[in-house]
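All remarks here apply to the structure that follows.
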4 protein chains.
Amino acid sequence: MATKEEKRIEILKAAARIFSANGFEKAKVEDIAKVAGIGKGTVYEYFDSKKSLFKQMISFGLDQYRLSIKEIIEENLHIRARLVELAKYSAKYFNQHIDMIQMATQCNLLSNEMKQWLIEERLAVFELIEQMIDEGIKKGELRQNLNVELASFVIIGSIGEHFTKRVFFDGLNIEEIDFGEMVDVILDGLV
Amino acid sequence: MATKEEKRIEILKAAARIFSANGFEKAKVEDIAKVAGIGKGTVYEYFDSKKSLFKQMISFGLDQYRLSIKEIIEENLHIRARLVELAKYSAKYFNQHIDMIQMATQCNLLSNEMKQWLIEERLAVFELIEQMIDEGIKKGELRQNLNVELASFVIIGSIGEHFTKRVFFDGLNIEEIDFGEMVDVILDGLV
Amino acid sequence: MATKEEKRIEILKAAARIFSANGFEKAKVEDIAKVAGIGKGTVYEYFDSKKSLFKQMISFGLDQYRLSIKEIIEENLHIRARLVELAKYSAKYFNQHIDMIQMATQCNLLSNEMKQWLIEERLAVFELIEQMIDEGIKKGELRQNLNVELASFVIIGSIGEHFTKRVFFDGLNIEEIDFGEMVDVILDGLV
Amino acid sequence: MATKEEKRIEILKAAARIFSANGFEKAKVEDIAKVAGIGKGTVYEYFDSKKSLFKQMISFGLDQYRLSIKEIIEENLHIRARLVELAKYSAKYFNQHIDMIQMATQCNLLSNEMKQWLIEERLAVFELIEQMIDEGIKKGELRQNLNVELASFVIIGSIGEHFTKRVFFDGLNIEEIDFGEMVDVILDGLV
DNA sequence: CATGAATGAGGGTTCATTCAT
DNA sequence: AATGAATGAACCCTCATTCAT
């Protein structure tokens, strides 16, 4: 049998699936329980409320994302390869956790304390990207006078927009997406 | 006295405010009515349902956005100035209509028919941006071998991300944001 | 232009149609107005409320029915022919005014005063039938020891049941119904 | 404690009471719940909707009625005694379930599928009566040339009309009603 | 007189949460 | 600890009625 912590994770994963598919409001606790293979009441043994479950799911998901991003960044690759890997993983991740994309907006449904925390979580991602850029500059892979923060916006925004268009608008599967060319445009600019 | 159409617009504006502030599910029709200064039942004289009101609000909002964007693009400016204007207006617009940002994600809460329509609406915005890029290439302001579609992702994504960070994370007012430098990074690339 | 009274009748007829088709609760005042070719508010110039309109429509309908029944009964026919005529007319009438059939039950939705009135209206119909039976006995067309009241139940009940079965269950048109044989069974009994 | 099925029956009985007293539209689910001694939401644990509850109540009621009628018919009594028993039980039953009387008319408020089903249910009652008549003919209690179907209309219609008049118009209690004489008129005819 | 836009009370239904088993 | 039956607050929507034009 599963330990208490394992079952908690199980519920978090189920929550991620249901919240992703339906959004916070339309997601039913009962469905999450069903996916987790437990009774509805049991969810409340592990989490105080639906909202609390949502928060912890986001937290859990972002931790996973940050850790993976960190690994990618820490691999000793050229900046271009790193960005491609980042885009690839992000796409895979976004695809499984649309709620992660929603969170930035849905957060206004949550408490201020939560909102603050969410901002911080997201900042942590930005920081990782900025680290990567910094390193790229130091290694001479990126230009010296680059504004690191602005560059991080271009990277994150472009990757997100690209993913959204390819998956939701063009109906592609993630494997079918060509990230290389996208990264080239980011790196080379439009001029 | 307000004409029928004026009152319809009034309700749409109220809807934009309430939906923006609360998201689709948490927004109460009664509150929208209250903001519009009318009775709850009156909303249903103008719109078939809450969902229909939401759709038309999005539609109304996107139309406004598209028209303004079109104007900006049609002004005979250098591509850099155009992008700055685009970013400025978008920021102002996003600030008033966070729901527009949510829409991309909230759409998965709505019917498939609605999803399809929303995609098409958004594609229209992409097309305008692509037109602008095309023109920039022809005028020699942008490089000849630029992939227009990918460039549009970089532009839209970067502008959005920049706005989100500055307003929600850094707590700046729109007037305080420097769009020029941002646009430079987009145009010049990171390398 | 129509006189006030003519328009009142027009509304009553429209009400009969809509109430018949939908029952009291599902009938919308607006639809009645539409059928009557007037505005919704105008209905309230002629009737105090939906309920009042319903009452007066029933009243109007029953008056018509009673008058027609009276005529049939006053024709100098043999009892058998009279009953066939009664059944024919009732069928035609019921067909147009299902609500008349409903009234006996729907009346419990109305005020007690209305209920009382309705009972009296219906009693008047019973009385006419009883008159006819009386006459039949005097003319020797019916047996001397017949309980007039019970006989009226058999007549009214059988005709109603026959109609219901033929129209609603068997799907026949009224013209296709053979009332003669039915009347024979009523007159001759089962033994 | 009540089993799930027992509670379902409890709700059905409560529904019968409330629907009978108020008709379908005016009956409030909350009142049904109150009578059943449960919360409003609980009703929806057992039935999908108010309409579904109504259908199942009718179904439940008709089943009970049919079963009892069947028993009466299967007792080895003379046709006269059988009819008296039938009238007695029907009166008792109608008294408790006015909705059963309403159903024939209320059905036009419901879906076509429901209407069809209701017709079939009622046909089953007709069939039982016809069986009884058939048997009566075979046993020589009823005349050989009797039209079985028409006879069933006379029986059902007369009994219903008699009941309605005695209870609603004359204000009698069921025990006070004399069914014997009524049956005699049905059997002997009016001539 | 006639209208129909505006209203808001009312009720069906959903679902997060509780709690007895 | 685990369950799921029970609950009732909350909210969308309908439509009889009103009243300004």
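Computed from a predicted model, the values in this text were never measured in an experiment. A note on names: the letters A, B, ... follow the listed sequences, proteins ahead of strands, and every chain is numbered from 1.
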Taking OP1 and OP2 of F/dA5, is either one under 4.0 Å from a side-chain nitrogen or oxygen of D/T42?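 For F/dA5, neither OP1 nor OP2 has a side-chain N or O of D/T42 closer than 4.0 Å.
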Phosphate contact (F/dA5 OP1 or OP2) by D/K4 side-chain N/O below 4.0 Å: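 Indeed, a polar side-chain atom of D/K4 lies that close.
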Sort by first number and list every stem of DNA chain E: at least 3 consecutive Watson-Crick or G-U wobble pairs, both distances under 3.5 Å.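 DNA chain E stems, ordered by first number: E:2-21 with F:2-21.
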Which atoms form the tightest heavy-atom contact between C/K40 and C/V29, and what is the distance?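 That would be CG-CG1, 4.4 Å.
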Write out all pairs satisfying salt bridge (charged side-chain N to carboxylate O under 4.0 Å, His left out) with one or both partners inside residues 58-67 of chain A, taking only residues at least two apart or from two chains.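 Passing the test, one end in residues 58-67 of chain A: A/D63-A/R66, A/R66-A/E121.
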Quick one: list whatever passes side-chain hydrogen bond (donor to acceptor under 3.5 Å, both in side chains) with B/Y65, sequence neighbours left out.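 side-chain hydrogen bond (donor to acceptor under 3.5 Å, both in side chains) list for B/Y65, sorted by chain: B/S90.
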Just jot down the side-chain hydrogen bond (donor to acceptor under 3.5 Å, both in side chains) partners of C/S49, sequence neighbours excluded, or say none.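 Residues passing side-chain hydrogen bond (donor to acceptor under 3.5 Å, both in side chains) with C/S49: none at all.
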Can you list the residues that meet the side-chain contact (heavy atoms from CB on, under 4.5 Å) rule with [X], with sequence neighbours excluded?
X: A/V167; answer: A/N95, A/F163, A/I177
X: A/Y46; answer: A/K4, A/K7, A/R8, A/I11, A/T42
X: D/K13; answer: D/I9
X: D/V35; answer: D/A14, D/R17, D/I18

Separation of [N] [atom2] from [X] [atom1] (nearest whole Å):
X: B/L53; N: F/dC13; atom1: CG; atom2: P; result: 10 Å
X: D/K7; N: F/dG4; atom1: NZ; atom2: C1'; result: 12 Å
X: D/N22; N: E/dG11; atom1: CG; atom2: P; result: 11 Å
X: D/R8; N: F/dA6; atom1: CZ; atom2: P; result: 14 Å
X: D/F24; N: E/dG11; atom1: CZ; atom2: C1'; result: 12 Å
X: C/K26; N: F/dC15; atom1: NZ; atom2: P; result: 9 Å
X: C/E5; N: E/dC1; atom1: CD; atom2: C1'; result: 17 Å
X: D/E6; N: F/dA5; atom1: CD; atom2: P; result: 15 Å

Which ones in residues 28-41 of chain B lie close to DNA chain F, meaning a heavy atom under 4.0 Å from one of its atoms?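 Of all residues in residues 28-41 of chain B, the ones placing a heavy atom under 4.0 Å from DNA chain F are B/K28, B/V29, B/K40.
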Could C/K50 and C/F24 be counted as a cation-pi pair, given that NZ or CZ must be under 6.0 Å from the ring centre and within 45° of the axis?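 Yes, C/K50 lies over the aromatic ring of C/F24.
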Taking the nucleotide of DNA chain F with the closest heavy atom to each, which residue, C/Y44 or D/Y46, is nearer the 5' end?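 Mapping each residue to its closest nucleotide by heavy atoms, the 5'-most match is D/Y46.
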Specify the residue among C/E45 and D/K50 whose closest nucleotide of DNA chain E lies further upstream toward the 5′ end.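 Looking at the nearest nucleotide for each, C/E45 comes out on the 5' side.
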With a 4.0 Å cut-off on heavy atoms, is C/F47 in touch with a base, just the backbone sugar-phosphate, or nothing at all?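 Since no nucleic acid heavy atom lies under 4.0 Å of C/F47, the category is nothing.
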